[in-house]
Amino acid sequence: MEALFCSEIPNNNIRSSINDLSSSSSYTWPMIMTSSSSSSSSPTIMNIENIPRCDWDLSLSAVVSSASTGSDAIGAIEFDPTGEIIATGGIARKIRSYRLSSLLESRDDHVTASESCICTPAKLSSLKWRPDFSGRVIGSGDYDGVVTEYDVEKQVPVSERDEHGGRRIWSVDYTLYNGSLIGASGSDDGTVQMWDPRNGGTLEEMVRPGGGAAICSVEFDPFGGSSIAVGCADRNAYVYDIRRLVDPLIVLDGHTKTVTYARFMDSHTIVTGSTDGSLKQWDIDNGRRVVRTYRGHVNSRNFVGLSVWRHGGLVVSGSENNQVFVYDKRWEEPVWVCGLGHTNRFGSDRRFVSSVCLRQVDEDWCTLVAGGSDGALEIFSGKQS
């Protein structure tokens, strides 16, 4: 089965690791009992504020089965700005779009048909909706090193940018900064390129953070700031000011393997993911201080996805044992774990969660979408408990 392997990234030292998790079913962190030092004392319950817990009643709401008979690993999942349309892309060379409300209202246990499907010339690794078209135009990064923008309603390409020398693009993002639309892409060629999508994709800036190591992730500050976060195969993440891309403002040095993702929790906090099997929360206002390290998921080889829910303070990661792990930003242990479909606890069936995405528009309702290396899509949702 073909999948999105980090082993294909330069400077990535692969080591195998398997975590033995006790259950493949939905899981929430238990109440923890402790005993005092006195032998005559009975067990006491820890302060509830210090016990990892999930504040959201998440449950499976919809399943979208893969319509492909071949490789169909999902490499990207993105909600449009309204939070109503879900777009997916990956190995199957298709951008599929689904209406969330239709999926949730469907009486079928397994939906297969998407509302629209765009065939692309190459395998896709990244998707991002353009913020200036209200969910009409989506940008994609592909294995041939091309950024292509598509009109989703008409299902046709509207622009193409081929400036990475044919080297695979891992990540694409957009921002509206001071009224200007800026696009960015990160590639195996070791560069982060920024361009003007309204001016034919003209190159505006280029930076090479890791001395030639592959760029795995780019994300602009979604709160309108001037920062961009970059995840790199040299084991570091970088934060740049887009107004002056000469040197990084901050180098986040703490992972021991490729940094596959860098996501803004807020303008002062970044969460990074790595194939060292950990996520890290960084306080970028105080240099490169690690606030918290999250562990529990399995990740030593593949892109498994990373998403943060800024309203709810949640961090979600996929895993190589085909499970979704939800962390609360306050605690290092997972607060909710759920397998996709049938999960083998030792991962011997080789399926894994390859992409995750949290809906951002709600504050009192959590919606999580997870995609697998087998092409299946599962939607979990729930209110605050």
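The structure presented is a predicted model; accordingly, all values stated were derived computationally and were not measured. Side chains are part of it too, since the values below use all heavy atoms of this structure and drop only hydrogens, waters and symmetry mates.
No side-chain donor-acceptor contact under 3.5 Å links Ser140 and Thr148. Side chain to side chain, Glu149 and Ser159 meet the donor-acceptor criterion of an N or O pair below 3.5 Å. Inspection of the Glu84 and Ser101 side chains reveals an N or O donor paired with an N or O acceptor under 3.5 Å. Side-chain polar atoms of Trp170 and Ser126 form no donor-acceptor pair below 3.5 angstrom. Donor-acceptor pairing under 3.5 Å is recorded for the side chains of Lys280 and Thr293. No side-chain donor-acceptor contact under 3.5 Å links Asp196 and Thr202. Using a 3.5 Å distance cut-off with no hydrogens or angles, the side chains of Glu320 and Asn299 do pair a donor with an acceptor. A donor-acceptor contact closer than 3.5 angstrom is absent between the side chains of Ser180 and Asn178.
A salt bridge is absent between Arg93 and Asp72: the closest approach of a Lys/Arg side-chain nitrogen to an acidic carboxylate oxygen does not fall below 4.0 angstrom. A salt bridge links Glu115 with Arg99: the distance from a Lys NZ or Arg NE/NH1/NH2 to an Asp or Glu carboxylate oxygen falls below 4.0 Å. In this structure, Asp142 does not pair ionically with Lys123, as no charged nitrogen and carboxylate oxygen lie closer than 4.0 Å.
A donor-acceptor pair is defined here as one N or O able to donate and one able to accept, closer than 3.5 Å; such a pair exists between the side chain of Arg359 and the backbone of Gly83. In this structure, the side chain of Asn236 does not engage the main chain of Val251 through any donor-acceptor pair within 3.5 Å. Between the Asn302 side chain and the Val304 main chain, no donor and acceptor come within less than 3.5 Å of each other. Side-chain N or O atoms of Arg167 include none that pairs as donor or acceptor with a backbone N or O of Asp144 at under 3.5 Å. The backbone N or O of Ala262 lies less than 3.5 Å from a partner atom in the side chain of Ser217, making a donor-acceptor pair. Under the 3.5 Å distance criterion, the side-chain polar atoms of His164 are left unmatched by any main-chain donor or acceptor of Asp189. No donor-acceptor pair under 3.5 Å is formed between the side chain of Arg292 and the backbone N or O of Glu332. Listed for the Thr272 side chain is no donor-acceptor partner under 3.5 Å among the backbone atoms of Tyr261. With hydrogens and angles ignored, the 3.5 Å screen pairs a side-chain donor or acceptor of Ser373 with a backbone N or O of Phe352. In this structure, Glu78 contributes its side chain and Thr88 its backbone to no donor-acceptor pair below 3.5 Å.
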Practice prompt. Any chance you could lay out the side chain to side chain donor-acceptor pair (under 3.5 Å) test for Trp56 and Ser385, step after step, and finish with the verdict?
Written response: CA-CA 5 Å; Trp56 302 88; Ser385 57; over 6 Å; no
Discussion item. Salt bridge (Lys or Arg N to Asp or Glu O under 4.0 Å), that's the test. Do Arg136 and Asp151 meet it? Break it down for me.
Written reply: CA-CA 6 Å; Arg136 179 178 172 182; Asp151 185 315; 2.8 Å; yes
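When all heavy atoms are compared, the tightest approach of Gly225 to Tyr177 is O-CD1, 3.7 Å. Annotation for Leu181 and Arg130: closest pair CD2-NH2, 3.4 Å, computed over non-hydrogen atoms.
Residues passing the side-chain contact (heavy atoms from CB on, under 4.5 Å) test with Val207 are Val192, Pro209, Tyr240, sequence neighbours excluded. Taking Asp173 as the reference, nothing meets the side chain to side chain donor-acceptor pair (under 3.5 Å) condition, with sequence neighbours excluded. By the side-chain contact (heavy atoms from CB on, under 4.5 Å) test, Pro81 pairs with Trp129, sequence neighbours left out. With sequence neighbours left out, Asp285 forms a side chain to side chain donor-acceptor pair (under 3.5 Å) with His268. Taking Tyr327 as the reference, Tyr294, His297 meet the ring pair (Phe, Tyr, Trp, His ring centres under 6.0 Å) condition, with sequence neighbours excluded.
Each ring pair (Phe, Tyr, Trp, His ring centres under 6.0 Å) pair with one or both residues in residues 353-385, not counting sequence neighbours, appears once here: Trp336-Phe380.
For the pair Leu306 and Thr260, the minimum side-chain heavy-atom distance is 4.5 Å or more. Looking at Ile379 and Leu104, their side chains come closer than 4.5 Å, going by heavy atoms from C-beta outward. Inter-residue side-chain proximity for Ile215 and Thr191 is flagged as unmet; no heavy-atom pair is nearer than 4.5 Å. Contact check for Tyr238 versus Cys232: side-chain heavy atoms found under the 4.5 Å cut-off. Two residues are said to be in side-chain contact when any heavy atoms from C-beta on lie closer than 4.5 Å; Pro197 and Trp195 meet this criterion.
Put simply, NE2 on His255 and OG1 on Thr258 are 10.5 Å apart, with the number rounded to the nearest 0.5 Å. Taking CH2 of Trp309 as the start and SG of Cys366 as the end, the distance is 4.5 Å to the nearest 0.5 Å. Note that CD1 of Ile85 is 5.5 Å distant from CG of Asp80, once rounded to the nearest 0.5 Å. With rounding to the nearest 0.5 angstrom, the CG atom of Leu358 is 11.0 Å from the CZ atom of Arg263.
A side-chain hydrogen bond (donor to acceptor under 3.5 Å, both in side chains) with Gln193 is found for one member of Glu204, Glu163, Glu205, Arg161 and no other, namely Arg161.
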